[in-house]
Enquirer: 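Mind having a look at this structure? Questions to follow.
Chain identifiers are assigned alphabetically (A, B, ...) following the order of the sequence lines, protein sequences preceding nucleic acid strands; residue numbering begins at 1 within each chain.
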Amino acid sequence: MSTSIPKLEAGCGRIASFLHGNSAVLSELSSTYPLKLISARVSSRPDISIVYILSYGGGLVGGDRTHLNVKVNHQSSLVLLSQGSTKVFTTRLQQKHINSPLPPIELNTDAGATIQKMDFTVSSKGALYLLPDPVTCFRSASYKQLQTFHLAQDATLVLLDWITSGRKSRGEEWSFSRYYSLNEIFLDGFTSRPVRLAKDGLLLEEEGAETNGHSSKRSLAQRLAPYSCYANVVLYGPQIQDVVRELTAAYEKISVMKLTAPPDLLWSLSPITCHGGGRGTIVRVAGKETELVKDWLREALKGLAQVVGVDVYRRAFAQ
Amino acid sequence: MALKDEDETYLLLLLADSNLPTGSFIASAGLESYLTHAFKSTISFVDDSISSYAKSALPFVSDAHRVVSRYHLQESEAEILALLTALDNLYESMTLNHVARRASRLQGVALLTLYSKAFSRRDREASMSSLVTEYKLSIRLEDTPGHLPICWGILTAALGLTLSRAQYLHVFLHARSLLSASVRLNDLGPYNAQSVLLHTARPIISAAVAKSEAAHTGILVELDDEEQDEKGPATTWPLGEILATRHDLQHSRIFNS
């Protein structure tokens with residue numbers, strides 16, 4: 001299933017999807033440890049490729065670096081999923097202890113940040129649905145995710161990027177040390193050069209100890225309370241216009257009277273326009289529980305079932 | 001064109017005047033929505049808002065200031081305008097919230113109007129006046145958005161204020177505008193607001209400025225992957241983004257953002 005390319009460095013991966021007749025074909029699917037890619041298919045939609053990114057599910061440790069290159073070629077559709085949330089640990093030693101009843105031992109918290117870099121190119125009429133489970137950073141973990149998207153003018157993108165507060169069962173509530181996620185989206189074809197539709201950088205860091213003397217006393221947990229899961233969804237392109245229309249209509253119907261307590265789930269929607277005329281939509285969600293956010297996303301994106309088929313949609317938003 | 005201390009102090013006093021027609025009195029930067037959604041602590045809001053705003057906006061203030069400050073050196077007006085437009089477009093693509101974009105544009109163009117109508121001296125600083133006029137024109141033609149941090153950098157550099165003063169004052173004005181909004185919303189009393197501004201906000205402003213004083217956007221000097229988070233602009237308070245975006249959903253509201 002996977003062709004190994006000898007020159008691939010550790011943590012690297014490549015995916016390329018094509019449409020051959022009515023069948024989706026992965027002309028490239030290769031990866032090296034700790035990144036693992038597994039392809040899947042649903043018989044009802046042979047025209048759609050599904051790839052599971054298993055670094056997302058298996059867990060990453062301090063110092064791990066992965067670099068994934070994804071090409072969605074003309075007219076093809078690719079769905080990228082994970083199996084369980086991306087767990088980010090601080091050290092390898094700590095990883096061994098995650099299933100033991102003992103609290104993790106933090107011998108070396110200077111192992112460095114975990115860095116995941118992903119570059120996506122989506123050609124004309126192609127579609128990329130990036131729908132992983134959320135990232136979960138364990139206590140003291142440091143994680144960096146840099147995603148770049150180059151989209152043809154008539155390409156389609158659904159980008160979901162979300163994070164949980166940690167392992168609540170172990171009392172972790174926003175107790176990692178650093179999380180940075182950057183999503184940068186470029187559009188081709190509107191002007192002579194690619195234009196930037198969006199550059200969304202989110203930095204969550206515990207500042208308590210770092211800036212001595214100047215430090216504001218608010219912890220990360222205080223800043224993000226009462227919510228323990230935050231999600232961003234970026235929507236672009238012709239294939240998801242119905243989803244965008246429905247969501248926008250639902251959003252515009254909301255009228256907020258003075259509340260007595262913050263709601264369990266909050267969401268916002270903003271149209272994005274860039275010079276040259278490209279238009280996208282960004283949706284942000286915060287929820288008191290990860291499950292609440294997941295349920296909300298499943299409902300909000302249910303229109304995707306029309307686009308990628310019910311079976312693929314169910315895989316993405318499995319209960 | 002370094003200013004003498006005395007001149008710089010005078011400028012600071014002038015720019016800090018709350019009567020300055022900059023449109024900031026209609027902006028609450030999400031505070032009104034925050035209170036409507038039953039979040040109660042204005043002090044916490046001020047803290048989180050200042051930290052996130054400084055991290056996302058100061059790199060743009062700084063780069064716009066750097067660009068305009070070197071106008072005297074060698075670069076042509078066209079080159080300066082192109083760089084400012086690139087900064088402005090980047091800020092637009094990083095401000096993924098239509099309510100904040102709207103407020104930022106309104107205040108940005110107001111600053112340039114203030115410069116042309118009140119501060120510029122065409123006889124002595126003809127080239128600077130012309131630069132600002134040209135930039136204002138391209139905002140009107142919608143060739144560039146004209147966001148607040150970029151226009152603040154332009155204004156303060158055109159007046160000769162040092163970069164560190166420009167950075168500090170920008171964050172201070174953000175804080176003061178939040179506290180004025182709080183008073184107008186009948187949230188903090190007027191004396192309490194002043195007390196918060198003097199005692200509580202001050203260390204928060206200092207810390208936020210210190211953290212981002214060397215930050216930049218990546219337009220003038222490239223930012224590589226390693227430094228994007230440390231040196232580049234970023235949001236640090238996603239809850240604030242959601243609440244600020246939801247401003248327009250409020251059944252009744254008195255502010256524009």
Side-chain angles (χ1 to χ4, degrees), chain A residues 113 115 117 144 146 163 178 180-182 184-185 195-205 207 210-211 213-218 220 222-227 230 232 234 251-263 266-275 280 282 284-286, chain B residues 33-40 44 47-48 50-52 55-56 85 88-90 92-101 142-145 203-204 206-211 218 225-226 228-230 232-253:
Chain A
I115 303 177
K117 197 168 148 52
K144 218 191 259 200
L146 307 158
I163 178 169
R178 206 155 199 278
Y180 176 66
S181 168
L182 179 68
E184 198 166 13
I185 303 165
V195 287
R196 190 184 283 104
L197 175 69
K199 181 173 179 179
D200 194 16
L202 175 63
L203 176 65
L204 302 177
E205 76 183 318
E207 296 182 80
E210 208 179 301
T211 46
H214 287 298
S215 161
S216 69
K217 293 196 179 66
R218 280 176 69 70
L220 190 55
Q222 286 173 316
R223 266 188 280 153
L224 300 172
Y227 302 111
Y230 283 86
N232 281 341
V234 179
Y251 185 68
E252 284 169 352
K253 270 192 216 135
I254 301 174
S255 174
V256 189
M257 310 290 265
K258 177 103 182 132
L259 300 176
T260 52
L266 266 180
W267 67 290
S268 68
L269 178 147
S270 252
I272 326 172
T273 48
C274 63
H275 73 112
I282 183 158
R284 298 187 196 271
V285 194
Chain B
S33 177
Y34 175 89
L35 296 170
T36 298
H37 286 89
F39 289 87
K40 301 243 157 60
S44 301
D47 196 328
D48 298 336
I50 289 174
S51 311
S52 197
K55 176 73 180 163
S56 44
T85 303
D88 229 339
N89 282 328
L90 180 62
E92 173 93 358
S93 70
M94 295 195 78
T95 309
L96 296 168
N97 159 354
H98 59 286
V99 176
R101 279 180 170 185
E142 296 184 0
D143 290 335
T144 190
I204 299 168
S206 300
V209 173
K211 212 170 154 58
D225 287 351
E226 299 294 323
Q228 286 278 3
D229 51 339
E230 282 288 343
T235 302
T236 63
W237 192 36
L239 176 57
E241 284 293 306
I242 296 175
L243 291 168
T245 308
R246 287 172 64 93
H247 178 85
D248 288 1
L249 302 181
Q250 293 174 96
H251 181 70
S252 67
R253 52 190 186 268

Enquirer: With rounding to the nearest 0.5 angstrom, report the CG to CG distance, A:Leu182 to A:Leu203.
Expert: 11.0 Å
Enquirer: With a 4.5 angstrom heavy-atom cut-off, is it the side chain or the backbone of B:Leu35 that approaches chain A, or both, or neither?
Expert: both
Enquirer: List the atom of A:Ser270, the atom of B:Thr245, and the distance in Å for their closest heavy-atom pair.
Expert: OG-CG2, 3.5 Å
Enquirer: Tell me, side chain or backbone of A:Leu197 under 4.5 Å from chain B's heavy atoms, or both, or neither?
Expert: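 Answer is backbone: N, CA, C or O of A:Leu197 sit under 4.5 Å from chain B.
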Enquirer: Does B:Asp48 offer a backbone N or O that forms a donor-acceptor pair with the side chain of A:Arg218 under 3.5 Å?
Expert: no
Enquirer: Determine the minimum heavy-atom distance between B:Trp237 and B:Ser52, stating which atoms define it.
Expert: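 Closest approach of B:Trp237 to B:Ser52: N-OG, 3.4 Å.
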Enquirer: Does this structure show an ion pair linking B:Lys55 with A:Glu205, if we count only N-O contacts that are shorter than 4.0 Å?
Expert: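 Looking at A:Glu205 together with B:Lys55, the answer is no, because their closest N to O distance does not fall below 4.0 Å.
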Enquirer: Report which part of B:Arg253 has an atom under 4.5 Å of a heavy atom belonging to chain A: side chain, backbone, both, or neither.
Expert: neither
Enquirer: Sort B:Asn89 into side chain, backbone, both or neither according to what part of it lies under 4.5 angstrom from a heavy atom of chain A.
Expert: side chain
Enquirer: Give, as side chain, backbone, both or neither, the part of A:Leu146 having an atom under 4.5 angstrom from any heavy atom of chain B.
Expert: side chain
Enquirer: Between A:Ser268 and A:Tyr251, which heavy-atom pair has the shortest distance, and what is it?
Expert: CA-CE1, 3.5 Å
Enquirer: Within the side chain of B:Arg246, is there an N or O that forms a donor-acceptor pair under 3.5 Å with the backbone of A:Trp267?
Expert: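 Pair found, side chain donor or acceptor close to backbone of A:Trp267.
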Enquirer: Is it the side chain or the backbone of A:Lys117 that comes within 4.5 Å of chain B heavy atoms, both, or neither?
Expert: side chain
Enquirer: Among B:Pro238, B:Ser33, B:Ser93, single out the residue with the greatest number of heavy-atom pairs under 4.5 Å to chain A.
Expert: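 The answer is B:Ser93.
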Enquirer: For A:Tyr230, run the side chain to side chain contact (heavy atoms under 4.5 Å, CB included) check against A:Leu204, A:Leu202, A:Leu224 and tell me which one passes.
Expert: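 Among the candidates, only A:Leu224 passes.
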Enquirer: For chain A, which candidate among B:Asn97, B:Thr144, B:Asp225 shows the most heavy-atom pairs at distances under 4.5 Å?
Expert: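 Max contact count across the listed options: B:Asp225.
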Enquirer: Check B:Ser51 against B:Ala208 and note the closest heavy-atom contact, atom names and distance.
Expert: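 Where B:Ser51 meets B:Ala208 most closely, the heavy atoms are CA-CB, 4.4 Å.
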Enquirer: Under 4.5 Å from any heavy atom of chain A, what part of B:Glu92 do you find: side chain, backbone, both or neither?
Expert: side chain
Enquirer: Flag the one option from A:Ala261, A:Ala286, A:Cys274, A:Pro262 with the top tally of heavy-atom pairs under 4.5 Å to chain B.
Expert: A:Pro262
Enquirer: If you measure from the Lys or Arg side-chain nitrogens to the Asp or Glu carboxylate oxygens, is any gap between A:Lys144 and B:Glu230 under 4.0 Å?
Expert: no
Enquirer: Which residue out of B:Thr236, B:Asp143, B:Ile242 racks up the most heavy-atom pairs below 4.5 Å with chain A?
Expert: B:Ile242
Enquirer: Please determine, among A:Ser181, A:Pro271, A:Pro263, A:Gly280, the option with the most heavy-atom pairs under 4.5 Å with chain B.
Expert: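 Top count of heavy-atom pairs under 4.5 Å with chain B: A:Pro271.
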Enquirer: Heavy-atom cut-off 4.5 Å, strictly under: side chain, backbone, both or neither for A:Thr273 against chain B?
Expert: both
Enquirer: For A:Val285, is it the side chain, the backbone, both or neither that has a heavy atom under 4.5 Å from a heavy atom of chain B?
Expert: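 Contact with chain B is through the backbone of A:Val285 alone.
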Enquirer: So which part of A:Leu269 gets closer than 4.5 Å to some heavy atom of chain B, the side chain, the backbone, both or neither?
Expert: backbone
